[in-house]
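One structure below.
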2 protein chains.
Amino acid sequence: MKHKIGIIGFGTVGRGLTEILINKRDYLRRKYGYKFDIIAVADFKFGNVYNPKGLDVQHMLDMAQAGKKFTRDLVDWDNTRLIRKANATVWCELTFTDLQTGGPAIEHVITALEAGKHVVTSNKGPAALHYPRLKKLADKRGVEFMIEGTVVAGTPVINLATGPMAGCTINGIRGILNGTTNYMLTEMEKGMAYKDVLKIAQEKGYAEADPTGDVEGFDARAKVTILANIVMDAGIGIEEVSCEGITKITPADIEQARKQNKRWKLIGSVVRRGDRVEAFVKPEMIDLSHPLAGVMGATNALTFATDLLGDVTIVGPGAGKTETGFAILTDLLAIHRKRAQHKKSGRKA
Amino acid sequence: MKHKIGIIGFGTVGRGLTEILINKRDYLRRKYGYKFDIIAVADFKFGNVYNPKGLDVQHMLDMAQAGKKFTRDLVDWDNTRLIRKANATVWCELTFTDLQTGGPAIEHVITALEAGKHVVTSNKGPAALHYPRLKKLADKRGVEFMIEGTVVAGTPVINLATGPMAGCTINGIRGILNGTTNYMLTEMEKGMAYKDVLKIAQEKGYAEADPTGDVEGFDARAKVTILANIVMDAGIGIEEVSCEGITKITPADIEQARKQNKRWKLIGSVVRRGDRVEAFVKPEMIDLSHPLAGVMGATNALTFATDLLGDVTIVGPGAGKTETGFAILTDLLAIHRKRAQHKKSGRKA
C-alpha cells in the first residue's frame with residue numbers, strides 16, 4: 001500500500017517532514033511496510049506543484065533552501081482545487097498558525113476532509129478553534145484527523161493519552177507547553193531582566209519579532225484547549241481558557257521563588273471538577289522537588305493525573321524542524337497502521 | 001465484538017485486572033466499544049474454573065480475599081487443557097516470574113499461542129528469556145503477544161516506543177527500572193544503613209523475604225533484556241547483560257555522591273554501538289540536574305535517546321496492583337483496536 005502525500009506549507013515543518021521522509025524511505029518501508037510518494041505541495045511563496053506519480057522533492061528542498069520558486073510540475077490551481085483534484089490520500093496542513101480566525105488552514109482542512117482525505121496537521125488554529133467539529137466531519141467521511149504536532153512538537157502526548165493510556169481516566173493535566181517562555185524563565189533565573197532575555201530569545205530565533213503569542217501565554221492557551229478537548233473531552237472553547245503570561249515577572253519575583261526553594265514556570269492546566277472541566281494558563285511557583293521544576297530551557301513536559309496510574313509525566317522537545325516534522329510522521333504511521341489492518345483483514349475476509 | 005478473557009494466576013495482578021474490568025465495564029463499552037466476559041481462571045491455590053458464558057467474578061474476588069478456594073464452575077482440567085479447551089480469545093498470563101526457567105509461564109504462553117489465542121503477560125520470565133521466539137510464534141499464528149506489564153507496570157513504555165514513537169530510531173535507553181532499590185537508595189540518602197533500609201522495605205512489602213532478585217539487580221536485568229529486544233531489536237540473551245546491584249553501596253558512597261552534587265541510582269542501560277547493542281545494569285552516580293536524578297521512592301523512569309526527538313523521558317509508577325492491572329488492560333485494548341479495525345474492514349470488504 002502506497003500513501004500519496006500532499007503538503008500545504010513548505011516552511012520549516014514541511015521541509016523537516018520531507019527531509020525525514022527522504023532520509024528514512026528505506027527504513028520506513030523495511031520496518032513498517034510504509035511506502036509513499038509526495039505528490040503535491042502548495043506554498044504561497046514557492047508555488048503549487050503536482051505530479052500524481054511523485055514530485056522531485058530534492059529539487060524542491062534545494063529551491064526552498066535558496067529562497068527560489070519551484071520550477072518543475074507547477075500547476076495554476078489554487079489550494080482548494082489542488083486539495084480536491086490531486087490524488088493525495090493524506091494532506092499535511094503545515095501552514096502558520098492563526099489563532100484569531102484559524103484561516104486559511106481551517107479551509108484547507110475542511111476541503112480535504114470533505115474530499116475524503118486524511119488530514120495531519122501541526123497547525124494549532126483548526127485544532128484549538130474547531131477540533132470537535134472537524135473530528136466529527138472526519139468520522140463522517142471515514143477518515144482520520146490527526147494533530148499530534150499541535151502540542152509539544154513530536155513528543156508524543158496526544159497519541160500517548162489516546163493510545164497506550166486509553167483505559168485510564170485522565171482527571172488533570174499540568175504542563176510546560178511553551179519552550180520560548182520556559183527558556184526565558186530559565187535565563188531570568190541567571191539574573192537577567194525580562195527585556196534583555198526577550199532580546200536574546202529573539203536573536204536566537206526562539207521568540208518571534210512580535211513575541212505576544214508566546215509571552216502572553218496565547219500559544220500555551222491554544223495547546224491547553226486542544227488537550228482539554230482531545231484528552232479530556234472537555235468541549236470547551238479557547239475563550240473559556242483564562243490566560244496570564246510571563247510579562248509581569250520581575251527579578252524580585254524570581255528572587256522570592258528562589259528563597260522558597262521554588263521556581264517560576266508558565267503552567268498550562270486542565271482540571272476536572274465533577275462534571276466540569278476547567279482550563280487555565282498562568283505562571284506558578286513550582287517546588288524544586290516537583291518533576292516539572294527540573295524541566296529547563298526549550299524542553300517541554302506534561303503530567304497526566306490518572307485514576308489507575310496516578311501521575312505519569314513525559315518530558316521531551318517542544319519545538320524544532322525535525323522534532324515537529326516527526327510529529328507529522330508519527331501521525332502518518334498511525335494512519336498506516338490502521339489502514340494496513342484494514343487491508344490485511346480485507347484480504348482475509 | 002465480545003472478548004473472552006482467560007486469566008492464569010489470580011494473585012495481586014490478576015485480581016487488580018479483574019477489579020478494573022468490573023469497575024470500568026460500562027466505561028470501556030461506552031468509550032471504546034470494548035465488551036468482555038472473563039470465562040476462565042486458573043490458580044494453583046484457588047482452583048481452575050471455567051464458564052463459557054462468563055464467570056461470577058465477584059464471587060471469585062471475595063473467595064480470594066478470604067483466602068478460600070473457588071466453589072463455583074470448578075473444572076478438573078489442568079492449565080494446559082483449560083488453555084486449549086476454553087473458549088477464550090485472549091489469555092492473560094499473570095503468574096509469578098521465574099527468571100531461571102521461565103516456567104511454568106513459558107508453557108502457558110506457548111500453549112495459548114499455538115491454540116491461536118492472543119497472550120498478554122506481566123510475567124518477565126517468558127518475555128526476558130524467550131521474547132524473539134514467542135513473538136515469531138505469535139506472528140505465525142496471526143495473534144498478538146503483548147508484554148507492557150513486564151516493564152515499569154502500566155506506565156506505557158513498550159507501547160510508547162513501538163506505537164507513538166515508531167519512526168524514530170532509538171539508540172539508547174537509560175532507566176530506573178526497579179522500584180524497590182530506588183526506594184532503598186532514597187531512604188539511604190536520609191542516613192540509614194543498607195541493612196536497616198532493607199528491613200523496612202521488607203516490612204512495607206516493597207522487598208521480598210529473599211530480596212536477591214531486586215537488590216542484586218536481576219529484576220532490572222530482566223527488564224533491560226526485554227527492552228533491548230523489543231525496542232532496539234537487540235536479539236540478546238539475558239546472560240549477555242552484565243549486572244551489579246546495590247548491596248555494596250555504603251553510607252560513605254552516599255556521602256561521596258552528595259559532595260559532588262550527585263545521587264546514586266541503579267540504572268539499566270541499553271546502548272547501540274555500531275551494529276551491536278550492549279546492555280547492562282549497575283549503580284551510577286547521577287548529576288542532580290539530570291531528569292532521572294529527581295525520580296525518588298518507588299517511582300520508575302526511563303529515557304529514550306532517539307535520532308529525531310533527542311531525549312524523551314517518561315516517569316510513572318513501577319509497581320502496584322492497579323498499576324500493573326492497567327498494564328494488562330492497555331494491551332487488551334490494543335488488541336481490541338486492531339481487531340475492531342479488522343471487523344470494520346471486514347464489513348466493508
Side-chain angles (χ1 to χ4, degrees), chain A residues 20 24 27-28 31-32 34 142 148 153-160 163-169 288-291 293-296 299 301 303 306-317 320 322-323 325-326 329-330 332-334 337-349, chain B residues 20 24 27-28 31-32 34 142 148 153-160 163-169 288-291 293-296 299 301 303 306-317 320 322-323 325-326 329-330 332-334 337-349:
Chain A
I20 294 171
K24 293 219 166 190
Y27 176 84
L28 294 171
K31 184 145 185 176
Y32 308 109
Y34 187 83
E148 181 68 69
T155 305
V157 294
I158 292 172
N159 291 337
L160 173 64
M165 282 176 61
C168 277
T169 301
L288 286 184
S289 66
H290 190 283
V295 177
M296 305 302 277
T299 304
T303 300
T306 75
D307 59 342
L308 300 179
L309 289 176
D311 283 1
V312 174
T313 300
I314 184 159
V315 185
T322 306
E323 293 81 350
F326 172 74
L329 176 62
T330 191
L332 291 173
L333 287 174
R337 274 196 296 275
K338 290 190 185 185
R339 299 295 144 163
Q341 285 295 337
H342 267 246
K343 208 181 161 196
K344 200 169 152 188
S345 143
R347 258 189 268 124
K348 282 184 184 169
Chain B
I20 294 171
K24 293 218 164 189
Y27 176 83
L28 294 171
K31 185 144 183 176
Y32 307 108
Y34 187 83
E148 180 68 68
T155 304
V157 294
I158 293 172
N159 291 336
L160 173 65
M165 282 175 62
C168 278
T169 301
L288 287 183
S289 66
H290 190 282
V295 176
M296 305 302 276
T299 303
T303 300
T306 75
D307 60 342
L308 300 178
L309 289 175
D311 283 1
V312 174
T313 300
I314 184 159
V315 185
T322 306
E323 292 81 352
F326 171 73
L329 176 62
T330 192
L332 291 174
L333 288 174
R337 274 196 296 276
K338 291 189 183 184
R339 300 295 143 163
Q341 286 293 340
H342 268 246
K343 206 183 162 193
K344 200 169 153 190
S345 143
R347 255 189 270 122
K348 281 183 185 170

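Lettering follows sequence order; numbering is per chain, from 1. The analysis underlying the following values was restricted to heavy atoms, covering all of them including side chains, and did not include hydrogens, waters or symmetry mates.
Between the side chain of A:Thr303 and the backbone N or O of A:Thr313 there is no donor-acceptor pair closer than 3.5 Å. Counting only distance, with no hydrogens or angles, the side chain of B:Thr330 and the backbone of A:Pro164 share a donor-acceptor pair below 3.5 Å.
For A:Ile158, no part lies near chain B; criterion is any non-hydrogen pair under 4.5 Å. Within the 4.5 angstrom heavy-atom criterion, no atom of A:Ala334 approaches chain B. In this structure, chain B has heavy atoms under 4.5 Å from both the backbone and the side chain of A:Thr169. When heavy atoms are compared at a cutoff of 4.5 Å, B:Leu332 does not approach chain A at all. Looking at B:Leu329, the atoms closer than 4.5 Å to chain A (heavy atoms on both sides) all sit in the side chain, from C-beta outward. B:Leu333 touches chain A through its side chain: at least one heavy atom from C-beta onward sits under 4.5 Å away, while N, CA, C and O do not.
Taking both residues in full, the closest heavy atoms of A:Val295 and A:Ala301 are given as CG2-CB, 3.5 Å, listed atom of the first, atom of the second, then distance. Residue B:Leu309 comes nearest to A:Pro317 through the heavy atom pair O-CG, 3.2 Å, listed as atom of the first residue, atom of the second, then distance. A:Gly316 and A:Thr299 make their closest contact through O-CG2, 3.3 Å (heavy atoms, listed as atom of the first residue, atom of the second, distance).
No other option in A:Cys168, A:Ala293, A:Pro291 has as many heavy-atom pairs under 4.5 Å with chain B as A:Cys168. Ranked by non-hydrogen atom pairs under 4.5 Å with chain B, the options A:Asn159, A:Leu288, A:Ile314 are led by A:Ile314. Per-residue counts of heavy-atom pairs under 4.5 Å with chain B were compared for A:Lys24, A:Glu323, A:His290; the largest is that of A:Lys24. Put simply, of A:Gly294, A:Gly163, A:Gly310, the one with the most heavy-atom pairs under 4.5 Å next to chain B is A:Gly163.
Between A:Val157 and A:Glu148 the shortest side-chain heavy-atom distance falls below 4.5 Å.
At least one cation-pi condition fails for B:Lys31 and B:Tyr27: the charged atom is not both under 6.0 angstrom from the six-membered ring centre and inside a 45 degree cone around its axis.
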